[in-house]
2 protein chains.
Amino acid sequence: MKAKKGNLPRIQDVAKMANVSTATVSRALSFPDRVSEKTRDAVLQAIEKSGYTINQSARNLRRGGTGTILVLLPNLANSFFSRVLKGIETIASKEGFSILIADSQFPPIDEAAFGNLFNISRIDGAIVLDGNIPQSFFDRQNGRKPAMVFACEWIPGSKTAAFHIDNIAGAMMATDHLVALGHRKIGHVAGPPNNVLSRDRVTGFLQSLQKHGLGCPDDWKIQGDFTIESGVQAAQHWLSLNQEERPTALFCASDEMAFGLISELNQNGIKVPQDLSIVGFDDVEFAAHSIPALSTIHQPRRRIGEAAARALIHKIRDADAPPLPEMAFELELISRGSTAPFSNR
Amino acid sequence: MKAKKGNLPRIQDVAKMANVSTATVSRALSFPDRVSEKTRDAVLQAIEKSGYTINQSARNLRRGGTGTILVLLPNLANSFFSRVLKGIETIASKEGFSILIADSQFPPIDEAAFGNLFNISRIDGAIVLDGNIPQSFFDRQNGRKPAMVFACEWIPGSKTAAFHIDNIAGAMMATDHLVALGHRKIGHVAGPPNNVLSRDRVTGFLQSLQKHGLGCPDDWKIQGDFTIESGVQAAQHWLSLNQEERPTALFCASDEMAFGLISELNQNGIKVPQDLSIVGFDDVEFAAHSIPALSTIHQPRRRIGEAAARALIHKIRDADAPPLPEMAFELELISRGSTAPFSNR
DNA sequence: TTTATTTTTGTAATCGATTACATTATTGAT
DNA sequence: ATCAATAATGTAATCGATTACAAAAATAAA
């Protein structure tokens, strides 16, 4: 009962075995109802016996779709994204899509590489988690483009649906928390300057200060890039400031930076939160288990991933359907051990 | 200069535009040397002008390959894997392969889902990072199977090439370190019992103890599952032990568990390393920045990923070629702040 | 110049599943 | 029992690129 030539069994082989036409086999697989029970059983049995599996390339070619969605993220190694990915995967696999994952920063993606990935013959749609892809990469595409949504990050001004939290509000919550604890000298460790998230978080930070009649001198605004390492550098910067004029609290635009910061301060004998209060952003898994546990803004990463995936699949299935309703993702300030009331000492 | 019907431009359209046959266009793309410079330029120009991109499904169908490799990992959310992934991606993209990533535990993969993924018409090969896939899933396949290698984990007894460190040696290094610090009462927080890594690490742990004439009562062998949460539970277990008969040092089979452990102990007033020394395993990025910084066994995750990808691609290109030479991955004990010499107090 | 060799190009079959359309079988209504 | 309507199945064209084979063009050798 082998397929001839030592090759894989084809739909032809199954058809012959079950004494039906290839069309019937195809229908038995794709539209079971359109086939009588008797033949369906025969087909299924032939499939089982032959070990037939569908040839995806052939199906994709004929159907003009791939059942694959691309997830483009800035940094695979950053644990922040893995939860979002998990949300995407949950939905995608439930809906019968595979996901293709690519890292847009490493190796840095150029137009050619992008064009090769973001191609309707490879993918049905894409979820883009990187707001720094040049808009021109998308515009350059001819013909039918894959469906697309943004998640977490987005390109400002783009019309494409984007699923993300309100970063300004989040930053305000974090800063308000520090103010409420009695801090008046509050600094900020920012993300990379060309990043939308960084910008919104700086904005929220400043809005909160303004609301409370506080200001922030330039050297309390520390430039980082979301990595642990840049948190370490931020600590160096803080240590270099005049002891009397240092902030007594810092809002970090990411948990990772907060960890680097706290660790480096600790090496230098500075205690968090006694000497300095720190709030992070994201509530990565580890935040609850660091020492001290990190106060931070929780964002529902997994739900963001799920929402983005749902919206994308919706768009893939019917490009002209009205988009799914926007949803708001709730933020939550989680107060843990890294923040404490201001004390004069 | 549009393709007709509002559809994507096809190779036909390019051919017409460049006044050559489709065969020539195809050759200009796949074997530039087999085409005269003049026609090549004409073709390239036509491609540029039409915005043509190749239809991958058609190419895959005809060529009988997909240019895609699957990476099957147990848990996307675990930061351990992201570095390995990065290594895989570096090589894969350099060699012109895309990677398809799937999570084997969530949602738990069943035979049908596995068969759907691990299918020669979808992928050219797979890198499997999960040693708990039932062997039967692989055996059940008919016909030509995708190429495959294991990385990090593997199925004991399988003939398939596997790229991983010597876990027994690593566990011995970790345990030796504790012994060298003067500890005599040493416990172990193990990984999930059905996991090859756990088993080898337990073995190495016990071998080291034996070498030094030490033993380990059963209630110093704590069952975990590699997660932070199970580290927290291990701490509870340790705390529940009779104060006089507790281990003074613990070897954790993963850094994640060590973090959970240290954090929970800290909550209960136990200081690491003063009251208890702890070594982890893996040297995840955060290990250098936790408080205290974690002593651990460094494994070159990225290089493992690269080696696995290289070997797989080698196999894909020529299934019968002799396999690439095995390589040893060096381990390193990184001694940081979580371990200290035994003191009687 | 003529012939042999090599390079370049074209024609048309092919990969394997899907589906429009045509045909046959079945069911139900009268 | 007859006809209409519906269900089930089959035939063959099709998706778009690749490539075996054949033909034509260019180059080298005589």
Side-chain angles (χ1 to χ4, degrees), chain A residues 3-43 46-47 50-67 116 119-122 124 142-144, chain B residues 3-43 46-47 50-67 116 119-122 124 142-144:
Chain A
K4 52 181 162 182
K5 290 272 196 177
N7 278 320
L8 291 176
R10 294 157 306 156
I11 200 171
Q12 283 265 11
D13 304 310
V14 176
K16 210 161 291 174
M17 246 187 225
N19 261 309
V20 297
S21 71
T22 61
T24 300
V25 175
S26 176
R27 281 188 288 249
L29 285 171
S30 298
F31 313 95
D33 309 345
R34 222 138 287 168
V35 134
S36 78
E37 195 176 331
K38 206 176 57 175
T39 44
R40 191 178 359 169
D41 288 350
V43 168
I47 287 177
S50 62
Y52 169 78
T53 59
I54 210 164
N55 182 313
Q56 288 294 340
S57 303
R59 166 179 278 188
N60 291 345
L61 171 59
R62 186 56 233 241
R63 285 197 173 161
T66 64
N116 189 36
N119 181 316
I120 190 70
S121 76
R122 239 187 221 294
D124 291 345
N142 278 50
R144 199 158 48 98
Chain B
K4 52 181 162 182
K5 291 270 195 179
N7 278 320
L8 290 175
R10 294 156 305 157
I11 200 171
Q12 283 265 10
D13 303 310
V14 174
K16 211 161 290 173
M17 243 187 227
N19 261 310
V20 296
S21 71
T22 61
T24 301
V25 175
S26 176
R27 281 187 288 249
L29 286 171
S30 297
F31 314 95
D33 308 346
R34 220 138 290 166
V35 134
S36 80
E37 194 175 333
K38 205 176 58 178
T39 43
R40 191 181 1 178
D41 288 349
V43 168
I47 287 176
S50 62
Y52 169 77
T53 59
I54 210 164
N55 182 314
Q56 288 293 339
S57 302
R59 166 178 278 187
N60 291 345
L61 171 59
R62 184 58 232 240
R63 285 199 172 158
T66 63
N116 189 34
N119 180 316
I120 191 71
S121 77
R122 239 188 220 294
D124 290 345
N142 277 48
R144 198 160 49 99

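In what follows, every chain begins at residue 1, and chains take the letters A, B, ... in the order their sequences are listed. Remember, it's a predicted structure, so these values are computed and weren't measured experimentally.
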K.L.:
Check the side chains of B/Arg144 and B/Ser121 for a donor-acceptor pair under 3.5 angstrom, ignoring hydrogens and angles.
P.N.:
no
K.L.:
Measure from CG on A/Asp33 to P on D/dA8 and round the result to the nearest Å.
P.N.:
9 Å
K.L.:
For B/Gly67, does its backbone N or O pair with a side-chain atom of B/Asp124 as donor and acceptor, under 3.5 Å?
P.N.:
yes
K.L.:
Assuming nearest nucleotide by heavy-atom distance, tell me which of A/Val35 and A/Thr22 is located more 5' along DNA chain D.
P.N.:
A/Val35
K.L.:
Tell me whether the guanidinium CZ or amine NZ of A/Arg34 lies under 6.0 angstrom from the six-membered ring centre of A/Phe31 and within 45° of its axis.
P.N.:
yes
K.L.:
If only side-chain N and O atoms count, and only distance matters, is there a donor-acceptor pair under 3.5 Å linking A/Ser50 with A/Asp13?
P.N.:
no
K.L.:
Describe the nucleic acid contact of B/Val20 in one word from base, sugar-phosphate, nothing, applying a heavy-atom distance below 4.0 Å.
P.N.:
sugar-phosphate
K.L.:
Figure out the CD1/P separation between A/Ile11 and D/dT11, and round it to whole Å.
P.N.:
14 Å
K.L.:
Can you confirm whether the side chains of B/Asn60 and B/Thr66 place a donor and an acceptor under 3.5 Å from each other?
P.N.:
no
K.L.:
Which residues, if any, of residues 54-63 of chain A bring a heavy atom under 4.0 Å of DNA chain D?
P.N.:
A/Leu61, A/Arg62
K.L.:
Just how large is the angle between the end axes of the helix from C/dT1-D/dA30 to C/dT30-D/dA1, five pairs per end, to 10 degrees?
P.N.:
30°
K.L.:
Rounded to whole angstroms, how far apart are CZ on A/Phe31 and P on C/dA17?
P.N.:
15 Å
K.L.:
With a non-hydrogen cut-off below 4.0 angstrom, is B/Ser121 in contact with a base, only sugar-phosphate, or nothing?
P.N.:
nothing
K.L.:
Does the side chain of B/Arg59 come within less than 4.5 Å of B/Asn55's, by heavy atoms?
P.N.:
no
K.L.:
Taking the side chain as everything from C-beta on, heavy atoms only, tell me whether B/Val35 gets closer than 4.5 Å to B/Val43.
P.N.:
no
K.L.:
For A/Asn19 and D/dG10, give me the distance from atom CG to atom P, rounded to whole Å.
P.N.:
9 Å
K.L.:
Kindly indicate whether the side chain of A/Ser30, heavy atoms from C-beta on, has any atom under 4.5 Å from the side chain of A/Arg63.
P.N.:
yes
K.L.:
Just call it for B/Thr24: base, sugar-phosphate, or nothing, with non-hydrogen atoms closer than 4.0 Å on any strand.
P.N.:
sugar-phosphate
K.L.:
Using whole Å, report how far CG of B/Leu29 lies from P of C/dT9.
P.N.:
14 Å
K.L.:
Examine C/dA17: is either OP1 or OP2 under 4.0 Å from a nitrogen or oxygen in the side chain of A/Tyr52? Give yes or no.
P.N.:
yes
K.L.:
For A/Arg122 and D/dG16, what is the distance between atoms CZ and P respectively, to the nearest whole Å?
P.N.:
17 Å
K.L.:
Tell me, do A/Leu29 and A/Tyr52 make a side-chain contact under 4.5 Å, heavy atoms counted?
P.N.:
yes
K.L.:
Nearest-Å distance, NZ (A/Lys38) to P (D/dA7)?
P.N.:
18 Å
K.L.:
Do the non-hydrogen side-chain atoms of A/Val25 and A/Val20 ever get within less than 4.5 Å of each other?
P.N.:
yes
K.L.:
For nucleotides 21-26 of chain D, print each protein N/O atom paired with a nucleotide N/O atom at under 3.5 Å, atom names and distance only.
P.N.:
none

K.L.:
Rounding to a whole Å, what distance do you find between B/Arg34:CZ and C/dG10:C1'?
P.N.:
16 Å
K.L.:
Check for a donor-acceptor pair, side chain of A/Arg122 on one end and backbone N or O of B/Gln56 on the other, with a separation under 3.5 Å.
P.N.:
no
K.L.:
Any side-chain to backbone donor/acceptor pair from A/Thr39 onto A/Ser36? Under 3.5 Å, distance only.
P.N.:
yes
K.L.:
For C/dT9, take OP1 and OP2 only and decide whether either is under 4.0 Å from a side-chain N or O of B/Ser36.
P.N.:
yes
